[in-house]
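Presented below is the structure to which this report refers.
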Protein chains: 2
Amino acid sequence: MRLLPHPATEDIELTEVLRALSDPVRLEIVVRLALSGVMNCGEAGDDLGVHKSTASHHYRTLREAGVVITKQEGRLKFMSLRRDDLESRFPGLLDSVLSAAGIPSPALIPSADVPAPR
Amino acid sequence: MRLLPHPATEDIELTEVLRALSDPVRLEIVVRLALSGVMNCGEAGDDLGVHKSTASHHYRTLREAGVVITKQEGRLKFMSLRRDDLESRFPGLLDSVLSAAGIPSPALIPSADVPAPR
DNA sequence: CGTATAGTTGGATTGTTGTCAAACAATAGA
DNA sequence: TCTATTGTTTGACAACAATCCAACTATACG
């Protein structure tokens, strides 16, 4: 199981997080992750209306901004929100964005930085 | 005194607000407004390190995204954050961004959608 | 080993954005 | 009315971003 490169918590930049969240496609991915906890890229990108390579580009943007973490298991890559990291770096930010994006109540889904074992 | 065109509260889009806040120059302008309540464009753009026309472009972006409101009095234009509007549309969002941007405690400055009379 | 699956990468295209400089508009005050 | 002040608009330009398609990599499974 490999962990893809991503910024350390203290290196997450506010403007980069906001920029990552400011794209409708990426915001939708983030909403799905918030609702599901963990998703592989195929699930996360399903019915997004964009080519899979475009979705892959968005995964990378989210990862490099520090919004998601990605772990590979077999031929699947599991993504999850870096809820705890974001909360410690920018308290309340992710929850308010998720709430604004229409998620009923924030933090319904427990932090799941580690994907469930296969 | 004229009010420049800006979106109605219910037309403010989350992704546009996030995009407006995702530029370091614009975020700095927003931080200054949060600390000062009301500023004219000259004050807001002072020492930003960009040309005044660039700053003017950023004012427009912030206004069209629904983040600030601008009112003209004489030859000055006064900008202020749309705190109440943003709070009602996206509760907690602006405060968490301002807090993340290093403002000591959010909501220290009372909402000031209307510039102080000259 | 061959094939299917899952996702990434590179190229091409199209459109957007941040920036400056110069010209412009509007207002206040002399 | 002339001039200084305040900010906007326009044009130009380079950098970036979103997208698709095709080719590629890596893993799992027959």
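Computed from a predicted model, the values in this text were never measured in an experiment. Proteins come first, then strands; the chains are lettered A, B, ... in the order of their sequence lines, and each starts at number 1.
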key: CA sep, side-chain torsions, deciding dist, call: A:V68, A:Y59, side-chain contact (heavy atoms from CB on, under 4.5 Å)   = CA-CA 8 Å; A:V68 305; A:Y59 304 150; 6.0 Å; no
key: A:R63/A:M79 under side-chain contact (heavy atoms from CB on, under 4.5 Å): CA gap, chis, key distance, verdict   = CA-CA 9 Å; A:R63 180 165 46 81; A:M79 275 187 302; over 6 Å; no
message = Main chain of A:G92, side chain of A:S96: is a donor-acceptor contact present, judged purely on distance under 3.5 Å?
response = yes
key: Rounded distance in Å - CD (B:E73) to P (D:dG7)   = 12 Å
key: A:H58 NE2 - D:dA17 P separation (whole Å)   = 12 Å
Electrostatic pair A:D46-A:R32, nearest N-O below 4.0 angstrom = no
Which pairs, protein N/O on one side and nucleotides 12-15 of chain D N/O on the other, fall under 3.5 Å?
none

query = Nucleotide by nucleotide, 5' to 3', does protein get under 4.0 Å of the base (B), only the sugar-phosphate (S), or neither (-) in nucleotides 4-16 of chain C, counting heavy atoms?
reply = BBSBBB-------
query = Please walk me through it: do A:N40 and A:K77 pass side-chain contact (heavy atoms from CB on, under 4.5 Å)?
reply = CA-CA 5 Å; A:N40 65 53; A:K77 291 190 179 178; over 6 Å; no
ask   = How far does CZ of B:R89 sit from CG of B:L94, to the nearest 0.5 angstrom?
value = 14.5 Å
ask   = Does the side chain of A:I103 reach to within under 4.5 Å of the side chain of A:D95, using non-hydrogen atoms?
value = no
In one Ile/Leu/Val/Met/Phe/Trp/Tyr side-chain cluster, 4.5 Å: A:L4, A:L81 = no
